[in-house]
Amino acid sequence: MRAVWIHEFGGPEKLVPGTAPDPVPAPGQVLIDVVLANITFVETQFRATGFGPSGATLPVIPGNGVGGLISAVGPDVDPGLVGRRVVSSTGGSGAYAEQVVVDATLPVAVPDGLPLDQAVALLADGRTAMMLAEAAELRPGDRVLVEAAAGGVGGLLVQLAARAGARVVGLAGGTRKVAQLPSMGAEVAVDYRQPDWVGRVRSAVGAVDVVFDGVGGAIGRDAFELLDRGGRMLSFGLSSGEWAGIDAESADERGVTVVRPTPTPAQLRAYTERALAEGAAGRLRAVIGQRFPLALAAEAHAAIEARSTIGKTLLDVR
(Lines give C-alpha, C1' and ligand atoms only; values in the text may rest on other atoms or scores of the structure.)
Protein backbone atom coordinates (compact mmCIF):
# COMPACT_ATOMS: atom_id res chain seq x y z
CA MET A 1 0.00 0.00 0.00
CA ARG A 2 1.00 3.65 -0.44
CA ALA A 3 2.05 5.46 2.70
CA VAL A 4 4.02 8.47 3.92
CA TRP A 5 6.99 7.88 6.22
CA ILE A 6 9.13 9.85 8.66
CA HIS A 7 12.67 8.45 8.75
CA GLU A 8 14.18 11.38 10.63
CA PHE A 9 12.81 14.43 12.38
CA GLY A 10 12.96 17.81 10.71
CA GLY A 11 11.13 20.00 8.21
CA PRO A 12 8.11 19.07 6.11
CA GLU A 13 10.43 17.50 3.53
CA LYS A 14 11.01 14.69 6.05
CA LEU A 15 7.56 13.37 5.11
CA VAL A 16 8.54 10.92 2.37
CA PRO A 17 6.02 9.03 0.19
CA GLY A 18 6.69 5.32 -0.06
CA THR A 19 5.09 1.95 0.42
CA ALA A 20 4.37 -0.36 3.35
CA PRO A 21 3.19 -3.96 3.66
CA ASP A 22 -0.58 -4.35 3.46
CA PRO A 23 -1.79 -4.75 7.06
CA VAL A 24 -3.82 -7.77 8.13
CA PRO A 25 -6.21 -7.63 11.09
CA ALA A 26 -5.31 -9.89 14.01
CA PRO A 27 -7.79 -11.10 16.63
CA GLY A 28 -9.66 -8.12 18.09
CA GLN A 29 -8.80 -5.85 15.18
CA VAL A 30 -10.42 -4.40 12.05
CA LEU A 31 -8.91 -3.21 8.78
CA ILE A 32 -9.97 0.22 7.50
CA ASP A 33 -9.59 1.25 3.87
CA VAL A 34 -8.67 4.90 4.39
CA VAL A 35 -10.41 7.56 2.32
CA LEU A 36 -9.33 10.62 4.31
CA ALA A 37 -6.73 11.27 6.99
CA ASN A 38 -7.00 14.01 9.57
CA ILE A 39 -4.01 16.32 10.16
CA THR A 40 -3.49 18.00 13.52
CA PHE A 41 -1.02 20.68 14.56
CA VAL A 42 0.61 18.32 17.05
CA GLU A 43 1.57 16.05 14.15
CA THR A 44 3.66 18.86 12.67
CA GLN A 45 5.40 19.22 16.02
CA PHE A 46 6.08 15.50 16.19
CA ARG A 47 7.52 15.49 12.67
CA ALA A 48 9.77 18.44 13.49
CA THR A 49 11.04 17.42 16.92
CA GLY A 50 9.66 14.07 18.03
CA PHE A 51 7.55 15.92 20.61
CA GLY A 52 4.05 14.58 21.06
CA PRO A 53 1.82 12.10 22.84
CA SER A 54 2.19 9.20 20.38
CA GLY A 55 5.53 7.93 21.65
CA ALA A 56 6.23 6.48 18.20
CA THR A 57 9.78 5.57 17.20
CA LEU A 58 11.35 6.06 13.78
CA PRO A 59 10.81 5.12 11.07
CA VAL A 60 7.08 5.64 11.38
CA ILE A 61 3.97 6.35 9.34
CA PRO A 62 2.53 9.40 11.14
CA GLY A 63 -1.08 10.38 11.77
CA ASN A 64 -3.72 9.57 14.35
CA GLY A 65 -7.10 9.94 12.66
CA VAL A 66 -8.76 8.39 9.62
CA GLY A 67 -12.10 7.97 7.94
CA GLY A 68 -13.08 5.20 5.59
CA LEU A 69 -14.71 1.77 5.30
CA ILE A 70 -14.06 -1.34 7.35
CA SER A 71 -12.94 -3.86 4.73
CA ALA A 72 -11.92 -6.84 6.87
CA VAL A 73 -12.05 -8.02 10.47
CA GLY A 74 -10.01 -10.29 12.69
CA PRO A 75 -11.10 -13.89 13.22
CA ASP A 76 -13.02 -13.13 16.43
CA VAL A 77 -14.66 -9.85 15.32
CA ASP A 78 -18.25 -9.45 14.08
CA PRO A 79 -18.13 -9.79 10.27
CA GLY A 80 -21.18 -7.54 10.11
CA LEU A 81 -18.83 -4.59 10.59
CA VAL A 82 -17.45 -5.00 7.06
CA GLY A 83 -18.60 -2.15 4.85
CA ARG A 84 -19.39 0.21 7.72
CA ARG A 85 -18.41 3.89 7.34
CA VAL A 86 -16.28 4.85 10.31
CA VAL A 87 -13.84 7.34 11.71
CA SER A 88 -11.14 6.18 14.05
CA SER A 89 -8.03 7.15 15.92
CA THR A 90 -5.10 4.87 15.17
CA GLY A 91 -3.29 4.82 18.48
CA GLY A 92 -0.87 7.59 17.54
CA SER A 93 0.56 6.56 14.17
CA GLY A 94 -0.22 4.90 10.87
CA ALA A 95 -2.91 7.24 9.47
CA TYR A 96 -1.02 8.58 6.44
CA ALA A 97 -1.59 5.37 4.50
CA GLU A 98 -4.12 3.60 2.30
CA GLN A 99 -5.02 1.09 4.99
CA VAL A 100 -4.75 0.89 8.76
CA VAL A 101 -5.44 -1.80 11.35
CA VAL A 102 -6.96 -0.69 14.66
CA ASP A 103 -8.48 -2.28 17.72
CA ALA A 104 -12.09 -3.17 16.98
CA THR A 105 -13.27 -0.98 19.88
CA LEU A 106 -11.83 2.22 18.38
CA PRO A 107 -13.88 3.00 15.24
CA VAL A 108 -16.94 5.21 15.59
CA ALA A 109 -19.77 4.77 13.09
CA VAL A 110 -20.47 7.78 10.88
CA PRO A 111 -24.16 8.76 11.16
CA ASP A 112 -26.31 8.57 8.06
CA GLY A 113 -26.43 11.89 6.27
CA LEU A 114 -23.05 13.12 7.54
CA PRO A 115 -20.45 13.34 4.76
CA LEU A 116 -17.28 11.43 5.51
CA ASP A 117 -15.10 14.51 5.17
CA GLN A 118 -17.15 16.29 7.84
CA ALA A 119 -16.89 13.25 10.09
CA VAL A 120 -13.10 13.13 9.75
CA ALA A 121 -12.84 16.86 10.39
CA LEU A 122 -14.93 16.43 13.55
CA LEU A 123 -13.04 13.39 14.84
CA ALA A 124 -10.33 15.11 16.88
CA ASP A 125 -11.44 18.74 16.74
CA GLY A 126 -15.09 17.99 17.44
CA ARG A 127 -14.48 15.96 20.55
CA THR A 128 -12.01 18.58 21.81
CA ALA A 129 -14.45 21.43 21.22
CA MET A 130 -17.35 19.57 22.83
CA MET A 131 -15.21 18.75 25.86
CA LEU A 132 -13.98 22.33 26.29
CA ALA A 133 -17.40 23.89 25.83
CA GLU A 134 -18.88 21.59 28.45
CA ALA A 135 -16.00 22.17 30.89
CA ALA A 136 -16.36 25.96 30.51
CA GLU A 137 -19.99 25.75 31.67
CA LEU A 138 -21.04 28.35 29.13
CA ARG A 139 -24.03 30.49 30.06
CA PRO A 140 -26.22 32.87 28.06
CA GLY A 141 -24.64 36.32 28.05
CA ASP A 142 -21.11 35.10 28.77
CA ARG A 143 -18.45 37.12 26.98
CA VAL A 144 -16.30 34.45 25.35
CA LEU A 145 -12.94 35.01 23.68
CA VAL A 146 -11.88 32.27 21.27
CA GLU A 147 -8.26 32.39 20.12
CA ALA A 148 -7.25 30.71 16.85
CA ALA A 149 -10.93 31.07 15.99
CA ALA A 150 -10.38 30.34 12.30
CA GLY A 151 -8.73 27.01 13.11
CA GLY A 152 -10.30 23.59 13.39
CA VAL A 153 -11.08 23.55 17.11
CA GLY A 154 -11.50 27.31 17.36
CA GLY A 155 -14.13 27.49 14.64
CA LEU A 156 -16.19 24.81 16.36
CA LEU A 157 -15.87 26.58 19.72
CA VAL A 158 -17.19 29.78 18.15
CA GLN A 159 -20.25 27.87 16.96
CA LEU A 160 -20.83 26.12 20.29
CA ALA A 161 -20.43 29.29 22.32
CA ALA A 162 -22.76 31.26 20.07
CA ARG A 163 -25.36 28.51 20.27
CA ALA A 164 -25.09 28.65 24.08
CA GLY A 165 -26.11 32.29 23.95
CA ALA A 166 -22.67 33.76 24.56
CA ARG A 167 -21.28 36.96 23.07
CA VAL A 168 -18.36 35.59 21.08
CA VAL A 169 -15.16 37.45 20.27
CA GLY A 170 -13.18 35.57 17.64
CA LEU A 171 -9.43 36.15 17.53
CA ALA A 172 -7.40 35.17 14.47
CA GLY A 173 -4.21 36.15 12.68
CA GLY A 174 -4.58 38.03 9.41
CA THR A 175 -7.42 39.71 7.55
CA ARG A 176 -8.30 36.61 5.50
CA LYS A 177 -8.93 34.55 8.61
CA VAL A 178 -10.67 37.33 10.53
CA ALA A 179 -13.11 37.75 7.62
CA GLN A 180 -14.32 34.16 8.14
CA LEU A 181 -15.35 34.61 11.77
CA PRO A 182 -18.73 36.37 11.56
CA SER A 183 -20.13 33.52 9.44
CA MET A 184 -19.16 31.10 12.21
CA GLY A 185 -21.06 33.06 14.85
CA ALA A 186 -18.54 35.59 16.17
CA GLU A 187 -20.16 38.88 17.20
CA VAL A 188 -16.74 40.57 17.18
CA ALA A 189 -13.78 39.56 14.99
CA VAL A 190 -10.30 40.79 15.94
CA ASP A 191 -6.86 40.36 14.36
CA TYR A 192 -4.30 39.52 17.04
CA ARG A 193 -1.52 40.60 14.69
CA GLN A 194 -2.65 44.19 15.21
CA PRO A 195 -0.95 45.88 18.18
CA ASP A 196 -4.20 47.27 19.59
CA TRP A 197 -6.11 43.98 19.64
CA VAL A 198 -6.54 43.94 23.43
CA GLY A 199 -7.98 47.45 23.35
CA ARG A 200 -10.36 46.47 20.56
CA VAL A 201 -11.70 43.59 22.63
CA ARG A 202 -12.17 45.83 25.68
CA SER A 203 -13.95 48.45 23.59
CA ALA A 204 -16.32 45.83 22.20
CA VAL A 205 -17.24 43.79 25.28
CA GLY A 206 -15.19 45.04 28.23
CA ALA A 207 -13.69 42.18 30.21
CA VAL A 208 -14.45 38.58 29.22
CA ASP A 209 -15.81 35.64 31.19
CA VAL A 210 -14.22 32.77 29.27
CA VAL A 211 -11.00 32.44 27.27
CA PHE A 212 -10.43 29.48 24.98
CA ASP A 213 -6.67 29.73 24.47
CA GLY A 214 -5.53 28.08 21.26
CA VAL A 215 -2.41 30.17 20.69
CA GLY A 216 -0.56 30.26 24.00
CA GLY A 217 2.54 32.39 24.48
CA ALA A 218 2.14 36.15 24.72
CA ILE A 219 -1.29 36.09 23.09
CA GLY A 220 -2.57 33.64 25.68
CA ARG A 221 -1.11 35.69 28.53
CA ASP A 222 -2.68 38.90 27.20
CA ALA A 223 -6.02 37.10 26.88
CA PHE A 224 -5.72 35.98 30.50
CA GLU A 225 -5.45 39.64 31.52
CA LEU A 226 -8.80 40.30 29.83
CA LEU A 227 -10.64 37.90 32.14
CA ASP A 228 -13.06 39.32 34.69
CA ARG A 229 -13.20 37.96 38.24
CA GLY A 230 -14.95 34.63 38.21
CA GLY A 231 -13.69 34.00 34.69
CA ARG A 232 -12.54 30.67 33.27
CA MET A 233 -9.53 29.99 31.08
CA LEU A 234 -9.13 26.80 29.05
CA SER A 235 -6.09 26.07 26.87
CA PHE A 236 -6.32 23.78 23.87
CA GLY A 237 -3.37 24.69 21.66
CA LEU A 238 0.00 26.35 21.39
CA SER A 239 0.26 27.54 17.81
CA SER A 240 2.71 30.17 19.08
CA GLY A 241 5.07 27.35 20.04
CA GLU A 242 4.55 27.56 23.80
CA TRP A 243 1.75 27.38 26.35
CA ALA A 244 0.54 30.57 28.00
CA GLY A 245 1.98 29.26 31.28
CA ILE A 246 -0.59 30.74 33.67
CA ASP A 247 0.33 29.62 37.18
CA ALA A 248 -2.14 28.90 39.95
CA GLU A 249 -1.00 31.85 42.06
CA SER A 250 -1.64 34.36 39.26
CA ALA A 251 -5.05 32.84 38.59
CA ASP A 252 -5.98 32.97 42.28
CA GLU A 253 -4.94 36.61 42.53
CA ARG A 254 -7.20 37.48 39.61
CA GLY A 255 -10.10 35.33 40.83
CA VAL A 256 -9.84 33.23 37.68
CA THR A 257 -10.23 29.47 37.33
CA VAL A 258 -7.84 27.68 34.98
CA VAL A 259 -9.88 24.69 33.78
CA ARG A 260 -7.97 21.60 32.68
CA PRO A 261 -10.33 18.77 31.66
CA THR A 262 -9.00 15.23 32.15
CA PRO A 263 -11.39 13.03 30.19
CA THR A 264 -11.31 9.26 30.27
CA PRO A 265 -11.15 7.28 27.00
CA ALA A 266 -14.85 6.51 27.39
CA GLN A 267 -15.65 10.21 27.76
CA LEU A 268 -13.58 11.09 24.70
CA ARG A 269 -15.51 8.54 22.67
CA ALA A 270 -18.78 9.99 23.94
CA TYR A 271 -17.66 13.50 22.94
CA THR A 272 -16.77 12.18 19.48
CA GLU A 273 -20.18 10.55 19.10
CA ARG A 274 -21.89 13.76 20.21
CA ALA A 275 -19.88 15.86 17.76
CA LEU A 276 -20.79 13.53 14.89
CA ALA A 277 -24.45 13.57 15.91
CA GLU A 278 -24.43 17.38 16.03
CA GLY A 279 -22.82 17.43 12.60
CA ALA A 280 -25.41 15.04 11.18
CA ALA A 281 -28.18 17.23 12.63
CA GLY A 282 -26.71 20.33 10.97
CA ARG A 283 -25.93 22.05 14.26
CA LEU A 284 -22.12 21.80 13.99
CA ARG A 285 -20.09 22.29 10.82
CA ALA A 286 -16.37 21.86 10.42
CA VAL A 287 -14.74 24.30 8.03
CA ILE A 288 -12.53 22.26 5.72
CA GLY A 289 -10.23 24.87 4.33
CA GLN A 290 -7.82 22.76 2.33
CA ARG A 291 -7.17 19.23 1.09
CA PHE A 292 -3.98 17.64 -0.14
CA PRO A 293 -3.38 14.28 -1.81
CA LEU A 294 -1.51 11.73 0.29
CA ALA A 295 1.71 12.16 -1.68
CA LEU A 296 1.72 15.89 -0.85
CA ALA A 297 1.54 15.48 2.93
CA ALA A 298 4.73 17.55 3.17
CA GLU A 299 2.96 20.47 1.49
CA ALA A 300 0.07 20.12 3.93
CA HIS A 301 2.43 20.32 6.90
CA ALA A 302 4.22 23.31 5.39
CA ALA A 303 0.93 25.16 4.92
CA ILE A 304 -0.09 24.53 8.53
CA GLU A 305 3.27 25.71 9.83
CA ALA A 306 3.08 28.83 7.64
CA ARG A 307 -0.22 29.68 9.36
CA SER A 308 -1.84 29.94 5.92
CA THR A 309 -4.57 27.38 6.56
CA ILE A 310 -8.18 27.99 7.57
CA GLY A 311 -10.22 25.45 9.46
CA LYS A 312 -9.34 21.80 8.94
CA THR A 313 -6.69 20.29 6.67
CA LEU A 314 -7.34 16.81 5.31
CA LEU A 315 -5.34 14.30 3.29
CA ASP A 316 -7.21 12.70 0.39
CA VAL A 317 -5.87 9.15 0.42
CA ARG A 318 -7.90 7.74 -2.47
Side-chain angles (χ1 to χ4, degrees), residues 1-20 34-68 87-100 117 120-125 128 147-155 172-174 176-177 180 192-193 214-217 219 236-243 286-318:
M1 67 173 181
R2 295 182 301 124
V4 172
W5 289 88
I6 299 175
H7 294 279
E8 59 181 325
F9 299 121
E13 73 280 358
K14 300 302 181 182
L15 290 170
V16 181
T19 60
V34 179
V35 177
L36 295 160
N38 169 43
I39 303 179
T40 63
F41 180 74
V42 72
E43 290 166 13
T44 69
Q45 294 179 303
F46 172 75
R47 185 219 70 237
T49 66
F51 168 81
S54 69
T57 57
L58 301 182
V60 66
I61 299 170
N64 189 40
V66 298
V87 291
S88 182
S89 60
T90 63
S93 62
Y96 296 8
E98 290 186 294
Q99 294 182 312
V100 64
D117 58 354
V120 176
L122 289 170
L123 172 60
D125 292 352
T128 300
E147 301 170 25
V153 176
R176 174 170 164 262
K177 293 183 179 182
Q180 305 292 316
Y192 65 71
R193 293 182 180 177
V215 177
I219 300 296
F236 66 91
L238 64 165
S239 61
S240 67
E242 62 172 336
W243 295 106
V287 175
I288 301 171
Q290 44 283 311
R291 302 166 185 256
F292 293 84
L294 179 65
L296 297 184
E299 292 190 15
H301 274 226
I304 291 171
E305 290 180 324
R307 309 293 192 269
S308 64
T309 57
I310 289 178
K312 197 64 196 171
T313 303
L314 298 180
L315 284 181
D316 281 311
V317 177
R318 295 295 171 187

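From a predicted model like this one, the values you see are computed outputs, not experimental measurements. Nothing fancy with the numbering, it's 1 onward along the sequence.
The two residues A303 and F292 make their nearest non-hydrogen contact at CB-CZ, 4.1 Å. When every heavy atom of L58 is checked against every heavy atom of H7, the shortest pair comes out as CD1-O, 3.6 Å. For I304 against T309, the heavy-atom pair with the smallest separation is N-CG2, 3.8 Å. Contact detail for S93 and N64: the closest heavy-atom pair is N-OD1, 4.4 Å. Between A95 and T90, the shortest heavy-atom contact is CB-CG2, 4.1 Å. Looking at every heavy atom in both residues, H301 comes nearest to P12 through CB-CB, 4.3 Å.
Rounding to the nearest 0.5 Å places CG of L122 at 11.0 Å from OG1 of T128. Atom CG of L36 sits about 8.5 Å away from atom CG of L315, to the nearest 0.5 Å. Taking CZ of F46 as the reference point, atom CZ of F41 lies at 15.0 Å (rounded to 0.5 Å). The structure places CD of Q290 at 3.5 Å from OG1 of T313, a figure rounded to the nearest 0.5 Å.
Between R47 and P62 there is no side-chain heavy-atom pair separated by less than 4.5 Å. Between I39 and Y96 the shortest side-chain heavy-atom distance falls below 4.5 Å. With a 4.5 Å cut-off on side-chain heavy atoms, K312 and N38 count as touching. Side-chain contact between V317 and V35 is absent, with no heavy-atom pair separated by less than 4.5 Å. You'll find the side chain of I6 reaches within 4.5 Å of the side chain of L15, heavy atoms only. Counting heavy atoms from C-beta on, the side chains of D117 and R291 come closer than 4.5 Å. Within the 4.5 Å cutoff, the side chain of E147 has heavy atoms near those of the I219 side chain.
Scored by the salt bridge (Lys or Arg N to Asp or Glu O under 4.0 Å) test, E98 finds R2, R318 as partners (sequence neighbours excluded). For A97, the side-chain contact (heavy atoms from CB on, under 4.5 Å) partners at least two apart in sequence or on another chain are M1, A3, I61.
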Test log, rule side chain to side chain contact (heavy atoms under 4.5 Å, CB included), inputs Q180 and V287: CA-CA 10 Å; Q180 305 292 316; V287 175; 5.6 Å; no
